[in-house]
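Single-structure report; data block below.
Everything numeric here is computed off the predicted structure, so don't read it as measured data.
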Amino acid sequence: MIAIQSKLPHTGTTIFTVMSKLAEEYKAINLSQGFPDYDCDPKLLNFVTEAMQKGYNQYAPMPGLPALRALIAEKVSKLYGANYHPDTEVTITAGGTQAIFTALSSCISSGDEVIIFEPAYDCYAPTVKLLGGLVKPYELVPPNYEIDWEMVKKLFTANTKMIILNSPQNPTGCILSEKDIKALIKLTKNTDILVLSDEVYEHIIFDNNKHQSIALYPELRERSFIAASFGKLLHTTGWKLGYCLAPERLMKEFRKVHQFNVFSVNTPMQVGIANYLKDEETYRSLASFFQQKRDFFRQLLKETSFNLLPCNGSYFQCVSYEHMSEEKDTDMAIRLVKEYGVASIPVSAFYTRNTDHKVLRFCFAKKQETLEKAVERLMKL
């Protein structure tokens, strides 16, 4: 047998794949993986179909379709007052995760240290390790998962290259406040530390809170990559389309990697999305759409034995069962699938050290009847 030395020897199949496969095996309601079980807007499908029929079926330009990049730049300017040049500072990607991977690949080298806030989306740490970097995790604690920025400062060394942010956050549903951002500005001032801001849930934020995009703050924009997702915005996670924003000097490096990674992404979908997003209501109405689902799901869950944790954004609701059982969260998640027919994600999977706070994550981007049926089963626990 040919020997191969793994670059990620301690990395297995993602928890999302594991739980979705288990859900399929036991015919469970899948509230684990973050995807809707309802269709996207037929208007969007018509725009994409029309683009295919009109012949938009060959390579798009490497950075993305000019019309779509211009529309994104206009959208960001209206929402955050930030001016990103569509020609040099906006790139269309094959989903948010590819944007994150490419941003890291463009600037992280062996020995560079990257601070992440855990529980964290599961692509951050493996990518940093793959590039020879060192992950410096800061562990957040339920129920509020708040950041103590003085403790974050203690993680800084001469090798600190980047801080990765995610707001609204997956898996906790927590959001960064203006106070958090000001603390970050203070910490990074007069340093060469970069920021990667994962903002794929930017439009899914609740209770009239304002999304604290890095794009709002000139002091951070100059050092930041921002990753975004059309999948979350348009209920089309399977299309794997997103984009990255960055100042020209950073985007130049980003595109050097991007061109040899995917080069360019799906042309007719870019055309369709560009036409669809001309109507600003497509993204301005998203918060109220998902807040109705959040409120409905939380009201249902109050009839279960779980304790609800705060959910200020994203389409994930975390629950604690610490008062109910001493089981590991991975064991509890598996038991829920096998015995009660509902799939969740154990939040320990989002910690480098698999820290277990007895918390599970449910996705509520589902039809009302799906959520009702799932909670009906969970009430038996």
* Structure fact -> Hits for side-chain hydrogen bond (donor to acceptor under 3.5 Å, both in side chains) against S109, two or more places apart or cross-chain, chain-then-number order -> none
* To do: Apply side-chain hydrogen bond (donor to acceptor under 3.5 Å, both in side chains) to S177 and list each qualifying residue two or more places apart in sequence or on a separate chain.
  => D180
* Crowded around H323 NE2? As in, over 12 foreign heavy atoms under 6.0 Å? -> yes
* Asked: Linking I/L/V/M/F/W/Y whenever their side-chain heavy atoms sit closer than 4.5 Å, directly or via other members, would V200 and L245 fall into one cluster?
  -> yes
* With sequence neighbours excluded, residues passing side chain to side chain contact (heavy atoms under 4.5 Å, CB included) with D295 -> Q291
Basic-acidic side-chain contact under 4.0 Å: [X], [Y]:
X	Y	answer
R221	E89	no
K373	E376	no
K154	D148	no

* Sub-4.5 Å side-chain heavy-atom contact between K278 and F47 -> no
* Asked: Under a 4.5 Å cut-off applied to non-hydrogen side-chain atoms, are Y351 and H357 in contact?
  -> yes
* Could you pull out the closest heavy-atom pair between A343 and M19, with the gap in Å? => CB-O, 4.3 Å
* Could you grab the distance from atom NZ of K182 to atom CG of L176, nearest 0.5 Å is fine? => 14.0 Å
